[in-house]
Structures are given as C-alpha cells and as structure tokens.
Amino acid sequence: VQLQASGGGLVQPGGSLRLSCEASGLAFDDYAIGWFREAPGKEREEVACIPSSGRTTYGADFMKGRFAVSRGNAKSTVYLGISSLKFEDTAVYYCAATRTCRKYADPLDARYWYDYWGQGTLVTVSS
C-alpha cells in the first residue's frame with residue numbers, strides 16, 4: 001500500500017493551497033482517507049476524514065471553514081484544499097487510510113485508528 005502526498009510548498013498568509021494524496025495498492029472504495037498535520041513541536045492531529053461515500057468529518061469544528069476535502073474516485077486521489085492560510089497552518093501534512101471515519105473527542109486520538117500512512121508534504125506559511 002502506498003499513499004503519496006504532494007502539493008506542499010511555501011505560501012504567503014492569506015493564500016490558498018491544494019494538497020493531493022494518491023493511493024495505490026488498496027481497494028480505494030473500501031477505505032476512508034484522512035488528512036493530518038504535524039506542526040513543529042506539536043503532535044499529529046487529524047484535520048479531516050472523507051469516507052468513500054457519506055459526509056466528511058473534521059478533527060475540530062474550526063477546521064470546517066478553511067479546509068475542504070474532496071475525493072476523486074476515478075484517480076484514487078483525495079484532495080485537501082486550504083484557504084486563508086495562517087502562520088499556524090505551517091506543518092507537515094500527511095494522508096492516511098482507515099476503514100471508517102470517526103468523530104473523536106480529541107483529534108490527537110485519531111492517528112491510532114489509521115492503518116496506512118503516506119510520507120507527508122511540508123506546507124510553510126511565511127511572508
């Protein structure tokens with residue numbers, strides 16, 4: 001199983017970015033894909049999870065406004081759009097696969113429920 005995250009880079013505050021996660025080696029329709037981020041000095045937290053069908057769940061309510069997840073089934077790819085980027089969005093962003101999306105009381109707990117991980121892509125927000 002491989003999950004290839006890409007699309008990171010250097011972005012100015014207020015800008016937008018779209019990350020991609022291409023999956024191979026797994027039955028794409030049988031898995032939900034989650035996006036995580038790990039900021040410097042912080043633990044890895046779930047941003048959002050999109051199932052093969054149904055509603056996207058977000059790690060925290062504040063993520064609903066600026067983070068948008070979509071799924072391209074034809075290409076086994078999931079996208080994470082981030083708008084109005086802030087300095088605190090600087091992090092390595094990872095995608096991961098799990099059987100089902102869940103809502104966690106603590107977004108930090110989500111990482112233990114995922115089976116496969118990609119290598120991460122760095123997003124740096126700087127002026």
Side-chain angles (χ1 to χ4, degrees):
V1 175
Q2 283 195 324
L3 297 168
Q4 184 74 33
S6 62
L10 177 63
V11 188
Q12 291 188 339
S16 300
L17 201 63
R18 189 176 81 159
L19 307 180
S20 300
C21 174
E22 186 169 354
S24 61
L26 79 169
F28 189 65
D29 289 346
D30 291 344
Y31 283 86
I33 303 297
W35 281 99
F36 288 76
R37 67 181 183 180
E38 188 170 331
K42 295 188 177 181
E43 295 185 68
R44 192 172 300 186
E45 64 176 348
E46 187 186 56
V47 174
C49 178
I50 184 167
S52 58
S53 62
R55 300 177 69 177
T56 298
T57 59
Y58 291 88
D61 287 341
F62 75 86
M63 294 175 176
K64 290 180 182 178
R66 298 192 298 113
F67 295 84
V69 186
S70 60
R71 193 172 175 120
N73 286 326
K75 295 184 178 181
S76 298
T77 302
V78 171
Y79 304 96
L80 175 67
I82 314 172
S83 60
S84 302
L85 279 155
K86 304 177 180 181
F87 293 117
E88 52 264 40
D89 292 322
T90 294
V92 178
Y93 285 75
Y94 299 88
C95 59
T98 184
R99 286 292 186 172
T100 184
C101 297
R102 296 174 178 84
K103 190 63 178 174
Y104 306 90
D106 185 346
L108 298 181
D109 291 338
R111 57 191 161 164
Y112 303 116
W113 292 88
Y114 282 76
D115 303 312
Y116 306 105
W117 290 85
Q119 86 290 356
T121 184
L122 176 63
V123 173
T124 302
V125 183
S126 176
S127 54

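Quick caveat, the model's predicted, so the values are computed rather than measured.
- One N or O on the side chain of R66 and one on the backbone of S83 form a donor-acceptor pair closer than 3.5 Å.
- Taking the ring centre of W117 as origin, the terminal cationic atom of R44 falls inside the region bounded by 6.0 Å and 45° from the ring axis.
- Looking at every heavy atom in both residues, C49 comes nearest to A32 through SG-CB, 3.8 Å.
- Remark: R71 fails to qualify as a cation-pi partner of Y79 under the 6.0 Å distance and 45° angle criteria applied to the six-membered ring.
- Remark: R55 CZ to I50 CD1 distance equals 12.5 Å, nearest 0.5 Å.
- Under a hydrophobic clustering in which Ile, Leu, Val, Met, Phe, Trp and Tyr are joined whenever their side-chain heavy atoms come within less than 4.5 Å, directly or via other members, Y112 and L108 fall into different clusters.
- Judged as a salt bridge (charged side-chain N to carboxylate O under 4.0 Å, His left out), and not counting sequence neighbours, the contacts of E45 are R37.
- Proximity of a side-chain donor or acceptor of T98 to a complementary backbone N or O of W113 within less than 3.5 Å is detected.
- Nearest approach of Y93 to D89, heavy atoms of both residues: OH-O, 2.7 Å.
- Closest approach of I33 to C95, counting heavy atoms only: CG2-CB, 4.4 Å.
- Residues W35 and C21 meet the side-chain proximity criterion, which asks for heavy atoms closer than 4.5 Å.
- Among pairs with a residue in residues 1-18, none fulfils side-chain hydrogen bond (donor to acceptor under 3.5 Å, both in side chains), at least two apart in sequence or across chains.
- Of the options L85, I82, L10, a side chain to side chain contact (heavy atoms under 4.5 Å, CB included) to V125 is made by L85 and by none of the others.
- When the shell of 6.0 Å around NZ of K42 is examined, it contains 12 or fewer heavy atoms from other residues, nucleotides or ligands.
- Looking at heavy atoms from C-beta onward, V47 lies out of side-chain contact with Y94 at the 4.5 angstrom threshold.
- By the 4.5 Å heavy-atom criterion applied to side chains, F28 and T77 are not counted as neighbours.
- With values rounded to the nearest 0.5 angstrom, E43 atom CD is found 9.5 Å from D109 atom CG.
- Between Y31 and V1 the shortest side-chain heavy-atom distance does not fall below 4.5 Å.
- Counting heavy atoms from C-beta outward, T90 and V123 have side chains that stay 4.5 Å or more apart.
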Q: Could you give me the CA-CA distance, side-chain angles and deciding distance for E46 and Y114, then say whether side-chain hydrogen bond (donor to acceptor under 3.5 Å, both in side chains) is met?
A: CA-CA 11 Å; E46 187 186 56; Y114 282 76; 2.6 Å; yes

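- Between the CZ atom of R102 and the OG1 atom of T57 there is a distance of 10.0 Å, given to the nearest 0.5 Å.
- Summarising the geometry of A23 relative to L26, their closest heavy-atom pair is CB-CD2, 3.5 Å, with the distance given to 0.1 Å.
- The minimum heavy-atom distance between A96 and F36, with the atom names listed, is CB-CE1, 4.3 Å.
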